Structures are given as C-alpha cells and as structure tokens.
Amino acid sequence: MNKPRLAIIPGANCAGCDYSLLDLGEKVIEVLMAVDIAYWPTAADLKLEDLEKLPDGSIDLVLFEGAVNNDETEEMAKLARRKAKNLIAFGACACFGGIPGLANVASKDGILRKAYIKSLSTVNQQGTIPCKLTRLDGIELTIPEFLESVKSLDQVVNVDYYLPGCPPPLKLVAEALTAALSGKLPPKGTVFGSMKSVCDDCKRIREDKKITEIKRYHQLIPDPERCLFEQGIICMGPATRGGCDAVCPTVNVPCRGCMGPTPGSQDQGARMLSALSSVIGLEVETGVSDEEVRKLILQVKDPLGTFYRYSLPKSIMRRVWGVRE
Amino acid sequence: MVEDEEVRIGVYICHCGLNIASVVDVKKAAEEVSKVPNVVVAKDYQFMCSQPGQNIIIEDIKQHRLNRVVVAACSPRMHEPTFQKAVERGGLNPYLFEMANIREHCSWVHEKEKVAATEKAIKLVKAAIAKARLLKPLKREKVNVIPRALVIGGGIAGIRASLDIANAGFEVHLVETRPSIGGNMARLDKTFPTLDCSQCILTPLMVEVSRHPNVTLHTYTDVVNIDGSVGNFKVKLLKKPRYVDESKCTGCGTCITKCPWTAPSEFELGLGKRKAIYFEFPQAVPLIPVIDPEHCMYFQKGTCRACEKFCPTKAIDFNQKPEEIELEVGAIILATGYSLYDVAKAMPEYGYRKYKDVITGLELERLVSATGPTKGHIVRPSDGKEPKKVAIILCVGSRDEKHLRFCCRFGCVAGIKHAYYIVSHIPDAEVYICYRDIRTFGKGYEEFYERIRNYENIKFIRGSPMEILQDADGSLYFDVFDANTNRIVTLRPDLVVLETGIVPHPTFKEVAKILKCAVGPDGFALELHPKLRPTETSVDGVFLAGAVQGPKDIPDTVAQAGAAASSVIALMSKGYVETIPYVSSINEDLCSGCGICQPLCAYDAISLVKKEDGKQVAKVDIGKCKGCGVCAAACPSGAAQQLGFNDEQILAMVRTLTR
Amino acid sequence: MLFYLIGGWIFTFKFSLEDAVKELRPQLCYQCMKCSSGCTAAKVVNNYRPHEIVALVKAGYSDELINSDVIWACSVCLKCVEYCPQRVSPFEVVMALRNESIARGRVPPKSFVEMAKSVLKVGHIQEPMYIMSKDFEEVSRMELGLPEMPKPKDFEKFKQHVLLVGFEKLKEVIRV
Amino acid sequence: MKFLLYLGCTTATKQYGYELSLRATLPLLGVELEHPKDMNCCGVPMKGISKFYPYYACARIMALAESQGLDIIAPCNGCHLNLTETIYKLKLNPLLMSAVNELLKEEGLKYTGKAMVYHPVEILHDKIGIEKITSSIKRKLPEIPVSSHPGCHLIRPTEFPRPETRDGPLKLDRLIEAIGLKARDYPEKYECCGAAILPYSPEAAIKTAAFRIKRALAVGSKAITSLCPYCIDMLDGKQDAAKTITGDQNISIPALYYTQLLGLALGLDEKELGMSLNMSPVEVLLEEVKV
C-alpha cells in the first residue's frame with residue numbers, strides 16, 4: 001500500500017468537477033492506477049464509514065468539490081480537513097462559493113419559502129417547509145439543515161490549495177495532480193492558475209476602451225478579432241484570474257469569471273464594476289445628468305449575476321438580512 | 001533595507017494648544033496606542049509642529065531606532081510637509097511618515113462628546129499605525145526645465161505674458177491663429193472706465209512684442225500637438241500658408257489696392273468688407289497680408305494674379321505650403337481668450353442676424369471705431385441712417401441656466417460705455433439700457449456709472465425684454481417691464497445692442513484636449529484653486545492667462561497674464577522640478593494589458609507598451625502622473641497601485657477602523 | 001393628501017404648497033422681469049405680474065395670492081416657462097397657487113367652476129353645443145352628421161377617480 | 001395609417017368646422033380615423049384645480065388608445081401638449097405611472113407607454129408629407145398671403161418634444177405653401193391667442209386676440225390659419241366682440257383651419273368643410289380662392 005491515497009469529497013456541487021476529472025480521458029486510468037481511492041461517491045463504491053474509519057491526516061490528497069451550504073456539507077468539509085494531508089478547494093464553488101453562493105442575496109427563510117411555497121409551479125397549501133426533524137408514523141426522519149448563508153470552503157476550514165474554474169481547466173487539473181502525486185506541491189496557499197488576468201491569455205486585439213452602450217450577448221454578432229469588452233459586451237476577463245487559456249473569449253463567448261479574482265485584487269465584482277464605470281460613456285464627466293447616468297446603469301441587466309456569478313460569498317460585501325425575498 | 005527590519009513606530013499626539021486636548025483625552029490616547037504592536041514609543045505634546053515638538057521626533061528616531069513615525073494632529077494639508085521634513089532630518093525617508101487627523105476629523109466636530117471623541121481619535125491613530133506598518137520609502141525625482149516658453153494666443157493676455165517672460169531673459173514663442181496679434185482688444189474703440197483709446201494702448205505693446213529679441217512670433221499658426229510633461233514639452237505647430245513671402249514683403253499694401261475681389265471682413269465681424277488679399281486690420285502686427293484662397297479668383301478660377309503682377313518686391317508666392325514647426329519648451333501659457341456666445345442660434349427670440357438692426361456690443365465697437373467700416377459713424381446696418389433711439393440689452397445669454405450660468409463680468413460697464421458712445425456721437429439720441437442688475441465692481445467703474453447716469457438722454461430700465469419683434473414697416477419693437485416705474489414700456493428703438501455673454505474661444509477646446517487639462521462645467525479652463533492658485537492648471541507647467549480661465553475685463557486679464565508669466569519665470573529660474581512620489585505604479589507581473597487604465601488617465605501618463613514576449617503591459621510616465629489614483633481604482637486585476645496609498649495600506653486602515 | 005394602493009403598499013402624496021413650490025425653486029428668481037415683459041396676460045390684466053407673484057411666494061406672502069383672484073388670469077402661453085433664465089417657471093408657481101387655493105376651499109372664478117361641474121357631469125369641460133351658423137341656423141353635431149361625442153363608459157368609476165385625484169375639495173365648495 | 005381621433009372638448013363641443021374638415025380631408029390623403037367610444041377631457045383647463053387630474057385624464061386617454069392598439073391624433077394644441085407631457089412624465093416617474101395605472105386598473109385599462117400622440121401638423125407634414133399633398137390636390141390655390149398662427153403649445157415648452165420650433169420655418173407655413181398660398185410672417189405669430197384668459201376676463205382675452213389680428217392685417221395678410229381650436233375660436237369667433245371692445249371696426253380677417261384650406265385645394269365643397277360655421281368673413285377669401 002505505497003500508493004498515495006486520494007479522496008474526492010462533494011459539498012454543494014453539481015458534479016461538473018467530477019466530469020472534468022473524467023475529461024482527462026485515458027489519462028484518468030493512469031491516475032487511478034497510481035492512487036488508492038479512499039472515497040469518491042460518484043465513481044467508487046465506498047461508504048462514508050470507510051472514510052471515517054481511516055486515521056486523521058492519512059489521505060495524501062483530498063479534493064473538496066462544491067460550496068458549503070448546509071450542516072451536512074459543513075460536516076463533510078470538516079471531515080475532509082481532518083483526514084487530509086493536503087486539502088484542495090476544487091472548482092469555483094469550493095474556492096469562492098460559486099453558483100450556489102448566489103443564494104446569499106436572500107435569507108434562508110426567503111429561499112425556502114420561495115422554493116417550497118411561493119414559486120408558481122408549486123402546490124403546497126399547508127405551507128410545509130423542510131425542517132431538520134420530522135416525525136412520521138412514529139419514525140424520526142432527519143434531513144440536513146440549511147446554513148444562514150452559503151460559504152466557500154475556506155470560510156469553514158483551512159484550505160491548502162485552490163484550483164478554481166467551473167469546471168477546473170484540464171491543464172490545471174493535470175498540473176495539480178502531477179504535482180501532488182510526484183510530491184512536488186508548491187507552497188501552501190497557492191492558487192493553481194496564472195498570476196495575470198484572462199486578458200493575458202486572450203488573443204483578441206485591444207485598442208481603445210470607450211464604451212458608450214452595453215450590449216447583451218444576443219444583440220450583436222461580435223467581431224471575432226476585437227476585444228469583446230470594447231464591443232460593449234461585459235466580459236469579466238480583465239477581473240478574472242487567467243490560466244484557463246481564455247477558452248471562452250476564444251470562441252466568441254465573454255468570460256464569466258469562473259476563475260475568481262486576480263491575485264492583486266480583493267473583490268472580483270467590485271473590481272469589474274469600477275473598471276466598467278470608468279470606461280462607460282462618462283468621458284466628459286461634467287454635464288452628464290443623473291438621468292443619463294441612470295440610463296447607462298440600467299443597461300446592465302442582472303448586475304449581481306454578471307459581476308458576482310461565482311464569487312459572491314467571498315466578496316467584501318456583507319450580506320444584508322431581510323431584503324426582498 | 002527597511003523592509004527586512006523590524007517595524008518600530010513612534011506615535012506623537014498633538015494637543016494643538018486646546019484645539020484637540022480640550023476634547024480628546026490625549027494622555028489616554030497616547031497610553032492606548034502605546035499598547036499596539038510595533039509601537040515603540042507613544043507621546044503627547046502641546047504643539048508637535050513647533051521646533052521643540054519636531055525635535056522630540058528627531059531625537060526619538062535616534063534614541064529608539066524608530067523607522068516609522070505617526071503624528072496625530074491637524075490636517076495633512078496643513079502640516080504633513082512640516083513633519084516629513086522633520087522625519088527626514090531625523091535620518092529617515094520622509095515618506096515613512098503617516099498623519100492622523102484628529103482635529104478637523106475629530107475634536108472640532110465632536111466638541112460635546114468628549115468620551116466618544118477620545119475613542120474615535122484612538123481609532124484614527126490606530127488606523128494610521130496600521131498603514132504606517134506597511135509604508136515603504138519613496139523617492140522624488142528631478143526633471144530639468146528647458147528655459148523656453150510657449151504662449152498660445154496673441155491677445156492682450158498673451159502679449160503681456162510674453163513680454164514679461166522675455167524681459168526676464170527667457171525665450172518665448174508666441175502663437176496666434178489669426179494673421180495678426182491683437183485679439184479682441186484690438187477691436188475695441190475705447191476702454192472703460194477711463195475711455196482710453198484701446199488701439200493707442202495696445203499697438204505699442206504689439207510692436208514691442210514683435211521686435212523683442214527674445215520673442216519669436218508665429219502668426220497664422222495653429223497648435224497641432226503637444227507631448228511630454230513639465231520641463232520638456234514637445235510642441236508641433238502648423239503654419240498656415242499666407243501665400244506671401246514674409247522675408248520679402250514690406251507691407252506696402254499695393255497688392256491690396258490692386259486686388260479686385262472682396263469678402264466680408266472677419267475682424268469687422270462681417271460689418272465691413274476686405275479684399276481677397278488683406279491685412280487683418282490696418283495696424284496689424286506683423287504687417288504682412290494674407291491671401292484668402294476661398295475668395296481669391298486665382299485659387300477659385302485660375303486667373304487674375306493681379307497682386308503678383310503689382311508687388312514691387314515679388315513677395316507673392318502662390319505655391320506656399322503649410323509648414324510644420326517643432327519646438328521644445330519648458331512651460332506653456334494658455335491665453336486663448338474668448339469669443340461671443342452664438343446668440344443668433346441659441347436665442348432666436350432676440351432676432352440677432354434675423355433683423356439687421358440688432359447688433360452685438362462688439363459690433364458697435366467696430367461701428368464706433370475710427371478705423372472701422374463706417375469710419376466711426378454710428379449708423380443702422382439696415383439703411384445707414386443715424387439711430388435716434390437705441391436700446392441696449394444687458395445679460396443676453398449670461399446668468400441664464402439655459403444658456404451661460406455665469407456673469408460675463410464686463411457686460412454692464414461695456415453697456416454703459418456703449419450708451420456713452422451713442423450720446424457722444426449723436427447728442428440728440430435717446431438710449432435705453434435694459435438691465436437686471438448693474439455690476440460695477442472694478443476700480444473706477446462705479447464712478448464711471450455715476451458719470452453716465454448724469455446724462456438726461458440715457459435712461460435705465462430695470463427689466464429684461466423677452467423677445468424683440470419686427471413690425472410690418474421693418475421697425476423693431478419690444479415690451480419690457482420696468483420695475484423702477486412698475487409698468488410695461490413698449491420701446492421702438494432704431495438700433496438694438498445686445499451685450500452678449502462670452503464663451504471660451506473655440507481653439508481652447510482643441511488645446512485642452514491635446515493637453516488633457518481640466519475644463520470646468522462652463523467650458524473655461526479649470527484653475528487648480530480658484531483663490532490660491534488661479535493661474536495654474538491641472539497639468540504641471542501649463543499656466544492660464546486671461547479669459548481662457550473665465551470672463552475677465554482688461555485689468556484682470558493683464559494682472560493674470562503677469563502672474564502666469566512670473567510662475568513660468570520662477571519655474572525656469574530654478575531650472576528643475578521635483579516629481580511627486582505618490583505616483584501610480586504598474587506591477588508588470590500582474591498586468592495583463594487589458595488597457596482599461598489607458599484612456600482613463602486624465603494626464604495622459606499611461607501608455608501601453610509591448611514587452612519582448614509580445615504581450616502588452618501598461619506603463620506610467622511619472623513625469624506626467626499626478627497620483628490621482630484613477631487607474632488604481634479602475635484596474636480590474638489590481639496591477640495598478642498608487643504608491644503610498646496602495647490597496648494593502650488602505651485596507652489595513654479600513655480593517656482597523658471597522659474592527 | 002392622497003392615498004394610492006400599489007401592490008399592497010400605501011403611497012401618500014402630499015400636495016402642500018411648500019412642497020410643490022420648493023421643487024420650482026422660486027428662491028432662485030433674481031427678478032429679471034423677463035416673464036412680466038413678455039407675459040400675455042400682464043399686457044391685458046392690470047395687476048397680473050408673474051415676477052411679482054414669484055417674489056411674493058419667495059417672501060412668504062403666498063396667502064395674499066391664494067385669497068385673490070389674480071392667479072386665475074394666467075393665459076397658459078408658457079412663455080415664462082420657456083424663457084425664464086433660472087428655470088423658475090412662474091406658470092408652475094401660479095398653478096401650484098391655484099391648486100393650494102382649491103385645497104383651502106376657495107371658489108375659483110365662475111367659468112372654472114362651470115367647467116369642473118361639467119367634467120363631473122359628462123367627463124368634458126362642456127357639453128356639445130348648438131352652434132349658430134352664418135345663415136342664423138342653429139346646428140348640432142347630429143345635424144352636421146357627426147358621430148355622437150364619446151363619454152367615459154364607466155362614468156361612476158371615472159367620477160370617483162376624478163374626485164380622488166383632486167376634485168374632492170372642489171366638490172364640497174361648489175356642491176355638485 | 002389608422003389613428004384614433006381624440007377630439008378634446010373644444011373641437012367636439014363647438015368647433016365643428018375643424019372636426020368636419022379633418023374628417024373630410026385626412027381620409028383623402030390615406031389617413032383612416034377611428035372614432036372612439038369612450039373618452040374624457042384631457043385636463044388642460046383643470047390644471048389649476050388639481051395637479052394630478054391631467055395625469056390621470058391623459059393616461060386614461062392613452063390607455064384607451066393602447067387597448068385598441070392605435071396611436072392618437074389630437075387636433076387641439078392643448079390636448080397634444082398635455083398628452084405628450086403626461087407620456088414624458090409617466091415614463092420618467094415609475095411611481096406616478098404605477099399610481100395612475102392603479103386607478104386605471106379599476107376601469108380595466110392599463111397604460112404602458114406604447115401608444116403615441118400626434119398633432120395634425122405632424123401627420124400632414126411628417127407622415128403624409130408635402131410631396132403627397134402637392135400631388136393629391138385638385139387645384140392649386142392662388143398666391144394669396146396667409147398668416148399662420150401655430151399657437152403657443154405647438155412650439156412651447158421645448159422641454160418636451162414639440163411639433164414646431166421657432167428656429168426654422170414652420171411646418172405649418174410649408175403646408176400653406178404646399179397648396180399654393182403664400183405664407184406671410186407677422187411679428188406676433190408665436191404669441192398667445194389669449195383663450196386661456198377667457199374664463200378669468202373675457203374682455204382681456206378678446207383684447208389679446210385683437211392685437212394678433214391687427215398685426216396680421218398690418219402685414220397685409222388676407223387670412224389667418226391655424227390648427228388649434230382655441231386659436232381659431234379666439235381669432236375667428238371673437239372678431240365681432242373685438243370690434244365692440246376695442247372700438248376698431250377694421251378688425252375683420254378670414255380666420256380658418258388649415259384643414260379647411262386644404263379641403264378647398266382637394267376640391268371639396270365648402271359646406272363639407274363646415275365653412276358656414278366660421279364667424280369671420282371667410283366668404284371674402286372664398287371669392288378670391290375661387291377665381
């Protein structure tokens with residue numbers, strides 16, 4: 001049993017990260033041959049007890065996928081930390097909260113009421129909402145309870161490495177696994193990815209950033225050569241860590257920011273917002289009426305989902321309680 | 001290096017007499033902050049800015065091996081340089097100093113809440129300490145100043161400033177877009193309040209500036225481009241072709257008498273005619289004619305050449321091409337002046353241009369001028385008759401939210417002067433001045449107003465007409481409510497004079513764009529401080545003279561021109577400038593060359609350069625950077641940081657304050 | 001004061017003179033007399049002076065105006081709105097004064113009362129009239145072959161709304 | 001082109017000549033007019049009584065047009081201004097929009113900002129066009145000088161989009177020239193007819209109208225034309241009163257709607273155009289036109 005032990009532990013995730021592992025293709029067999037799988041519910045028939053039985057700190061590499069959103073995933077995160085020698089936050093959700101993190105715009109109660117009572121397709125006249133403990137015919141049933149807010153992995157436990165992306169780019173997955181299996185891991189706290197933003201990877205021509213109108217993706221066919229941002233499409237590239245080879249902009253799709261903030265910035269959405277507000281139509285700042293500014297701002301549809309799609313829980317904005325449901 | 005050393009901070013809390021100490025418990029504050037990690041010594045003192053106060057800092061630096069200093073006192077605007085110098089004398093880099101403002105931000109505003117104010121003061125000091133921990137030494141750089149100045153605009157402001165600089169022994173290049181210098185003042189007949197002949201006081205200066213050995217005159221020339229920064233501006237000028245060889249022309253004027261073609265004169269504002277080859281005005285400097293290709297038959301049809309035939313010195317050269325001139329100068333003075341507000345377009349209700357007998361004040365000046373189109377006779381443009389009843393309307397376009405919000409500053413006195421023109425030329429004329437307020441603020445202006453009030457046939461009506469109408473027989477009439485007599489008066493004047501508001505000369509907009517200097521909401525150049533630094537612009541080494549900064553009368557214009565010139569002389573006599581250290585810096589390892597910062601920079605300090613690997617990164621020209629921090633705020637990847645105010649330092653302060 | 005129910009929320013609109021006038025910023029007026037110089041009504045109505053009305057409001061003598069008939073003289077030519085150099089708009093000030101005068105229960109000049117009554121009766125400021133033609137023939141819409149003049153379909157509802165948006169007070173005064 | 005004809009009060013209750021000539025001329029130029037079943041006053045004269053009534057009244061009118069999927073022709077300057085202002089203000093102020101819609105909801109109506117409003121001068125000049133008019137007319141009228149009186153609300157306030165501006169030549173003047181007549185400027189053509197002073201002081205109002213007529217006569221105009229029922233009501237209907245009040249018996253000029261002149265050019269009968277309802281001496285003009 002000299003093979004390094006590998007565990008893949010899911011949190012609140014969509015299993016997309018698992019698929020990205022399989023994208024390794026035939027190489028996945030090599031990887032699987034080289035390691036001893038300790039836990040991987042998507043692919044291996046091992047039970048949670050098997051994992052719990054292992055001594056603490058005995059798993060060489062734990063990939064934790066997904067955000068932490070209820071007491072079960074919180075427990076899994078803590079378990080992962082206990083068992084792991086090296087814990088990697090795997091994928092955008094584990095790193096920054098990801099898509100599930102967008103839940104933080106509403107309160108826990110609000111979300112449950114919306115999902116179980118108020119949504120149009122729901123018939124729930126009694127107004128039943130899932131709760132931790134249910135007694136049914138004398139049997140006690142428990143289900144995990146939602147946390148007040150969704151968290152990223154490092155807001156719950158200490159994390160050794162980060163591998164962002166939705167899903168993580170294959171190149172970086174391979175880099176991380178190779179490093180781990182060969183025992184040549186970089187210093188703790190490293191984020192796998194580039195030090196620069198996606199723009200560095202992007203081949204598009206950048207000329208003059210002056211935007212007078214923000215366009216949504218369906219409103220134009222972008223020029224494949226020129227920077228998407230200059231064409232008025234909000235591309236999160238400038239505020240997003242590179243390393244993904246700018247795959248989205250390469251195929252004419254604006255970057256959505258799944259690689260998280262760049263090393264030099266604190267808050268991805270805020271950075272992008274200030275960049276955008278700097279270049280949009282306010283060249284002559286005097287003489288622009290509030291009304292015109294409002295019009296410009298209103299062009300951004302779904303600002304939260306645009307600027308904080310993957311990084312809301314990690315943003316420096318704190319959530320406000322009791323806002324609209 | 002300081003970075004490797006252990007951080008040792010000295011904190012000094014100033015009493016500022018009782019300004020701070022009467023509200024904030026300074027002893028307690030000093031005691032509290034002394035417990036903060038890295039703080040080696042924390043003291044309070046009555047006047048930190050005094051000599052003994054500064055000496056405490058200097059001695060502590062030596063005694064306690066301090067490498068950071070925090071002073072909690074008044075606003076950094078007030079005494080930051082004082083303490084920075086003290087820190088420097090103590091042997092430290094002056095930028096390893098941080099100031100907490102516990103006077104304006106604390107004691108002065110919380111007079112009645114002493115306990116809370118003390119707590120706030122402690123927090124503010126702690127925040128400064130948090131930042132001080134992260135301070136890095138910064139340095140200033142010296143840039144040499146080329147001892148040559150460029151003056152843009154050849155009106156009275158430009159002429160005065162050029163002469164002052166030239167007399168101090170420095171070289172000056174004076175650029176004027178029209179064929180002659182002189183500007184708007186050359187159009188005036190008399191100047192208020194002394195009624196001096198405008199030409200008589202201006203032309204000697206024009207001649208003097210043209211003959212001055214240190215002045216190079218570039219007339220009929222536009223500024224095309226300006227590059228570089230204070231001390232080293234690279235200027236590109238474009239000399240428009242006059243089609244007259246300046247070295248051969250003697251200014252005899254034979255060509256003009258022989259030229260058979262005419263066109264409306266720009267100088268006479270369209271009231272008079274000029275030839276296709278013309279002097280801007282008879283006293284033009286330089287006295288060299290210009291051919292206007294638009295009205296010259298040779299350029300239009302290929303025939304004529306009369307001027308060439310008769311020129312005794314063979315100075316006519318139809319093949320002249322625009323000429324580019326490149327200059328290197330150390331400082332620039334903007335003196336582009338003003339032009340009249342386009343009342344014809346913006347205020348159709350007054351019928352200017354629609355009715356011939358509605359004219360502007362400047363047009364009246366030309367009618368009155370002995371060298372003007374009517375040889376000094378005031379006549380109605382429509383029929384050439386002497387007007388017997390004249391209405392002068394003040395504040396046309398000025399003080400109006402829908403047009404120009406500001407006061408034109410000379411309209412009132414000019415209107416009074418124009419009334420005087422009329423009664424002095426046509427003694428039996430009746431003049432009505434429709435005014436909102438009469439503002440005679442200048443020296444001798446009120447006395448002049450008083451003198452004019454004595455005339456029986458000059459009547460003051462307090463009220464503005466809303467519109468001017470023309471009757472079936474071509475006569476003008478309008479109603480105006482006179483608040484003095486509380487009744488509506490219907491006037492039927494022969495001539496209406498509009499004292500129009502003024503706007504910056506159109507060339508200023510282009511120059512401002514090239515220089516990226518700040519423009520105020522009214523379109524005039526924005527000075528650095530309206531009271532304390534009225535001649536400086538947001539761009540170092542660029543100064544303002546005259547109406548380019550805002551409406552001005554002649555005395556103020558000349559005064560400001562002198563002030564601007566002395567700023568330039570001071571800069572050049574010193575010979576060098578020191579750059580500010582709080583500039584932006586780009587971390588090339590983080591910069592991905594997205595280019596967002598580049599168009600944003602108000603000072604044109606950022607350019608995108610290609611590295612060896614072909615990737616582009618942003619680069620800051622520290623000579624131009626003013627440390628405004630816009631690029632740092634906009635940079636989406638955090639590569640741009642402002643030295644002395646980087647994200648890390650600011651967030652450390654925020655974290656301390658919000659803890 | 002008015003209440004509106006919007007999506008379960010109650011919005012309150014207060015139309016006090018102070019609020020209405022504050023928006024119009026008469027305090028900015030510097031008495032250039034442009035409005036009175038060009039005013040259509042001022043030329044035919046002796047004591048109607050827009051600048052004076054603005055000055056009185058500015059100085060706090062609104063009551064004087066509210067209790068006088070002169071505010072009903074405006075000819076709504078909007079020249080003062082167009083040319084006021086300070087965007088004060090004496091017209092809007094006069095309208096605010098008229099509104100306030102109604103709110104305080106004053107009766108406007110007779111013709112206005114007639115028009116208001118008619119609005120509450122048929123939805124228009126007057127009913128179709130018989131018109132005397134050149135040949136001294138009285139003709140009506142019907143005789144000219146014109147279709148019937150339309151009226152609000154659900155008149156009770158319309159009337160209720162009209163009263164709600166500001167005719168309530170007037171109704172008490174003119175006793176319809 | 002199909003529009004909902006929102007007549008407003010003055011046209012519908014006494015200025016039948018306008019309505020008749022509109023209904024007679026516009027269909028000949030390809031404009032279909034729909035007569036509404038349900039309408040109310042636009043609220044212009046009621047502005048003084050309640051600030052909010054005009055918003056409600058106009059929103060109701062626009063909502064009715066929207067429910068029929070049509071845009072509105074408002075032949076009265078006052079209605080046109082008030083409708084435009086309401087559209088403009090409601091779009092700017094969502095709170096006002098929802099408040100007004102809350103009231104309309106009870107009547108089964110809703111205004112979203114879709115329906116637009118046009119003045120006949122816009123329809124004739126911008127939608128139909130001078131060219132179509134010149135090609136459709138049966139006979140060119142003789143070159144008689146005619147003065148146009150656009151009316152205040154067609155040019156003011158410039159705060160909202162207005163059909164006419166005083167900067168350039170008026171659309172109404174171009175329309176006058178299109179049917180052969182000569183547009184003659186007179187100094188007070190941008191002034192007010194005085195109609196709104198009528199409820200306060202009929203005498204003052206009529207004096208105002210008399211000023212305008214005198215000016216037009218002074219420049220040698222043979223007629224005054226307008227496209228506003230208020231203006232024509234004052235300039236046409238009050239000439240006799242003006243003679244009495246001012247004592248000036250010369251106040252006599254044909255005043256009529258542009259659509260009536262257009263109708264003559266289109267070969268329509270004067271009876272169809274309701275010209276017998278004009279109080280001013282239109283027969284003087286008719287005689288000159290017929291020659």
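No experiment lies behind these values; they were computed from the predicted model shown. So that the names make sense, note that chain A is the first sequence line, chain B the second, and so on, each numbered from 1.
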Would you please go through residues 42-54 of chain C and name the residues with a non-hydrogen atom below 4.5 Å from one of chain D, in numerical order? C:Val44, C:Val45
Without swapping roles, check the side chain of C:Arg104 against the backbone of C:Asp63 for a donor-acceptor pair under 3.5 Å. no
Contacting region of C:Glu127 [heavy-atom separation from chain D under 4.5 Å]: backbone
With a 4.5 angstrom heavy-atom cut-off, which part of D:Tyr230 approaches chain C: side chain, backbone, both or neither? side chain
Could you grab the distance from atom CG of C:Leu97 to atom CG of C:Leu65, nearest 0.5 Å is fine? 5.5 Å
Given a strict heavy-atom distance threshold of 4.5 Å, which part of C:Lys79 is in contact with chain D: side chain, backbone, both, or neither? both
Could you tell me which non-hydrogen atom of D:Gly78 sits nearest to which non-hydrogen atom of D:Val44, and how far apart they are? O-CG2, 3.3 Å
Can you tell me which of D:Arg156, D:His153, D:Arg23 forms the most heavy-atom pairs within a distance under 4.5 Å of chain C? D:Arg156
Which pair of heavy atoms, one from D:Pro199 and one from D:Ala195, lies closest together, and at what distance? CD-O, 3.8 Å
At a 4.5 Å cut-off on heavy atoms, which part of C:Val122 comes close to chain D: side chain, backbone, both, or neither? neither
Could you go through the side chain to side chain contact (heavy atoms under 4.5 Å, CB included) check for D:Lys89 and D:Phe160 one step at a time? CA-CA 10 Å; D:Lys89 292 224 167 127; D:Phe160 313 113; 4.2 Å; yes
Who among D:Lys207, D:Glu106, D:Glu191 has the most heavy-atom pairs with chain C under 4.5 Å? D:Glu106
For the pair D:Gln15 and D:Ile232, evaluate side chain to side chain contact (heavy atoms under 4.5 Å, CB included) and give the outcome as yes or no after the intermediate values. CA-CA 9 Å; D:Gln15 290 296 317; D:Ile232 293 295; 4.1 Å; yes
Flag the one option from C:Gly145, C:Pro109, C:Pro152 with the top tally of heavy-atom pairs under 4.5 Å to chain D. C:Pro152
Atom of C:Trp72, atom of C:Ser68 and distance for their closest heavy-atom approach: CD1-O, 4.5 Å
Using heavy-atom distances under 4.5 Å, tell me whether C:Pro128 contacts chain D through its side chain, its backbone, both, or neither. both
Can you name the nearest heavy-atom pair linking C:Val165 to D:Phe52, along with the distance? O-CB, 4.0 Å
If I compare all heavy atoms of D:Asn278 with all of D:Ala255, which pair ends up nearest, and what's the gap? ND2-O, 3.0 Å
Between chain C and each of D:Asp38, D:Val282, D:Ile197, count heavy-atom pairs under 4.5 Å; write down the option with the most. D:Asp38
Side chain / backbone / both / neither for D:Glu203 at chain C, heavy atoms under 4.5 Å: neither
Between D:Thr208, D:Leu104, D:Thr158, which has the largest tally of heavy atom pairs under 4.5 Å with chain C? D:Thr158
With chain D as the partner, which of C:Met95, C:Met115, C:Met129, C:Arg98 has the greatest number of non-hydrogen pairs under 4.5 Å? C:Met129
Using every non-hydrogen atom in the two residues, find where D:Tyr18 and D:Pro229 come nearest and quote the distance to one decimal. CE2-CD, 3.7 Å
Under 3.5 Å donor-acceptor, D:Arg212 side chain and D:Cys192 backbone: yes
For chain D, find which of C:Ile125, C:Val81, C:Val139 contributes the most heavy-atom pairs closer than 4.5 angstrom. C:Ile125
Heavy-atom distance under 4.5 Å to chain D: side chain of C:Leu144, backbone, both or neither? both
Counting only heavy atoms closer than 4.5 Å, note whether D:Leu64 contacts chain C via side chain, backbone, both or neither. neither
Count the heavy-atom pairs under 4.5 Å between each of C:Gln126, C:Arg141, C:Glu114 and chain D, then report the option with the highest count. C:Arg141
Would you check if the side chain of D:Tyr6 reaches a backbone N or O of D:Cys42 as a donor-acceptor pair within less than 3.5 Å? yes
Look at C:Asp69, C:Val94, C:Asp154, C:Asp135 and state which one has the largest set of heavy-atom pairs under 4.5 Å with chain D. C:Asp69
Select one option (side chain, backbone, both, neither) describing which atoms of D:Phe211 are under 4.5 Å from chain C's heavy atoms. side chain
Max heavy-atom pairs within cutoff under 4.5 Å with chain D, candidates C:Glu148, C:Glu137, C:Lys157, C:Met149, goes to C:Lys157
Check the angle between the aromatic planes of D:Tyr53 and D:Tyr56 and answer parallel, tilted or perpendicular using the 30° and 60° thresholds. tilted
Quick check for you: among D:Glu159, D:Lys37, D:Glu19, D:Lys47, which has the greatest number of heavy-atom pairs under 4.5 Å with chain C? D:Glu19
Using a 6.0 Å cut-off, check whether atom OH of C:Tyr30 has over 12 heavy atoms from anything other than its own residue. yes
Return the option, out of D:Asn40, D:Asn101, D:Leu20, D:Thr10, with the maximum number of heavy-atom pairs under 4.5 Å with chain C. D:Asn40
Within a reach of under 6.0 Å around OH of C:Tyr61, are more than 12 heavy atoms found that belong to other residues, nucleotides or ligands? no
Check whether C:Val76 gets within reach of chain D through its side chain, its backbone, both or neither, counting any heavy atom under 4.5 Å. both
Give a yes or no on whether C:Lys153 atom NZ has more than 12 heavy-atom contacts from other residues, nucleotides or ligands under 6.0 Å away. no
Can you tell me which portion of D:Ser201 sits under 4.5 Å from chain C's heavy atoms? Options are side chain, backbone, both or neither. neither
Using a cut-off of 6.0 Å, state whether more than 12 heavy atoms not belonging to D:Lys105 lie near its atom NZ. no
